[in-house]
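Below is one structure; the comments refer to it alone.
Letters go in sequence order (proteins before strands), and every chain restarts at 1.
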Number of protein chains: 2
Amino acid sequence: MCGMTVIDGNPVQAPPVDACVAAGADYPRPDGQDSYTIGEVAEFTGLSAPTLRWYEQIGLMPQVERSHNGQRRFGNRDLDWLNFVRRLRLTGMPVADMVRFAELVRQGEVTYDERREILERTRTEVLTRVLELQDTLAVLESKINFYAAAHRAPEGA
Amino acid sequence: MCGMTVIDGNPVQAPPVDACVAAGADYPRPDGQDSYTIGEVAEFTGLSAPTLRWYEQIGLMPQVERSHNGQRRFGNRDLDWLNFVRRLRLTGMPVADMVRFAELVRQGEVTYDERREILERTRTEVLTRVLELQDTLAVLESKINFYAAAHRAPEGA
DNA sequence: GCTTTGCTTCAAGTGCACTTGAGGGCTTTA
DNA sequence: TAAAGCCCTCAAGTGCACTTGAAGCAAAGC
């Protein structure tokens, strides 16, 4: 059933990003480290620093830790979450919906059902999109072949 | 070679939408008709009438026929083109790039090579996106399964 | 010590893809 | 003949997802 760290009754403080954050490629990150500046995270994720701040501001990030002098310190958990956000963005989900999901995550286990429903709807949409894109791939290849053939035999026989 | 109407040295007037417009589902359209109002096309395509006008204005449509009193009359050829545009939009291609492609189409056979290159780049991008979405599907399913399992067995073990 | 580098907040600006509004014309139905 | 419905153009407005600018703090290098 998904072999990831199921620490949802969280020990210290970091809010549960989400249970089950395995599967799929992660962002590159240095080994044995769990604290990154916004600049580092920007580099890892390809998101700009302002975007990361904005994500936090609108509630798309589970509030980020701060260093003694007020600078953000992102943890691996945050990188996992950003990786998931990247995937959702890829599916075309509006940021507002992702924020909604993030709120549900913050509310804890009681929202499991609603979270599941959201992800199931998303899954259906993604599946549809994948099928359409595969159709589109066929269209593209047929056109590419046409152009290539026309190139070899200029002016239709 | 793609078995569609390859009339690129065009007989009467309608500009060559594109050679090779087969493959993939078309918009629904009444049989044996080749002239539709903007309202009908809006209904077929799901695009709004203003959007269709805007597409024409920015050069994304090969200029549309007009009736005696100046109203647009879209043909099946236009529907085919809009269907292709819909696919390109689905791939995330910016409208500006589609306009560029439309320009190439208007310029005729001499642009076959450039068109092929564009479509090849697009194909690569779409392929990448499909793979990422399939990855995302796996992530979604794993999370869905987690939530479903947690639902059946509330509070760990 | 002073400048550079990298971070901070808050507000305003940008780019894209449309959408909406204002003002008007033609054709069809009451 | 008058109102309804569908079309027209042109210009301005909207929503989303960021991006940029202004003003300032704080540790690091010369």
Which atom pairs link the protein and nucleotides 8-14 of chain D when you take only N or O atoms and keep those under 3.5 Å?
from	atom 1	to	atom 2	distance (Å)
D/dC8	OP1	B/Arg72	N	3.0
D/dC8	OP1	B/Arg72	NH1	2.8
D/dC8	OP2	B/Arg53	NE	2.8
D/dC8	OP2	B/Arg53	NH2	2.7
D/dT9	OP1	B/Arg66	NH1	3.4
D/dT9	OP1	B/Arg66	NH2	3.2
D/dT9	OP2	B/Arg72	NH1	3.1
D/dT9	OP2	B/Arg72	NH2	2.9

Option passing side-chain hydrogen bond (donor to acceptor under 3.5 Å, both in side chains) with A/Tyr147 (candidates B/Arg115, B/Arg116, B/Glu117) = B/Arg115
Rounded to whole angstroms, how far apart are CD on A/Glu65 and C1' on C/dC7?
-> 17 Å
Shared hydrophobic cluster for B/Leu127 and A/Val126 (ILVMFWY, side-chain gaps under 4.5 Å) | yes
Is it true that A/Asp135 and B/Arg87 have a side-chain N and a carboxylate O under 4.0 angstrom from each other?
-> yes
Without hydrogens or angle criteria, can the side chains of B/Tyr36 and B/Asp78 be said to hold a donor-acceptor pair below 3.5 Å?
-> no
Using whole Å, report how far CD of A/Glu40 lies from P of C/dT5.
-> 18 Å
With the threshold set at 4.0 Å, does a side-chain nitrogen-carboxylate oxygen contact exist between B/Arg66 and B/Glu56?
-> yes
Pairs satisfying side-chain hydrogen bond (donor to acceptor under 3.5 Å, both in side chains), at least one member in residues 40-50 of chain B, at least two apart = B/Ser48-B/Thr51
Electrostatic pair A/Glu103:A/Arg100 at N-O distance under 4.0 angstrom | yes
Start with the C-alpha gap between B/Arg72 and B/Glu65, add the side-chain angles, then the distance that decides, and say whether salt bridge (Lys or Arg N to Asp or Glu O under 4.0 Å) holds.
-> CA-CA 6 Å; B/Arg72 287 174 184 79; B/Glu65 298 285 307; over 6 Å; no
Classify every nucleotide of nucleotides 15-21 of chain D by which part a protein heavy atom approaches to under 4.0 Å, writing B for the base, S for the sugar-phosphate alone and - for neither, in 5'-to-3' order.
-> --SBSB-
Is there a side-chain polar atom (N or O) of B/His68 under 4.0 Å from OP1 or OP2 of C/dT27?
-> yes
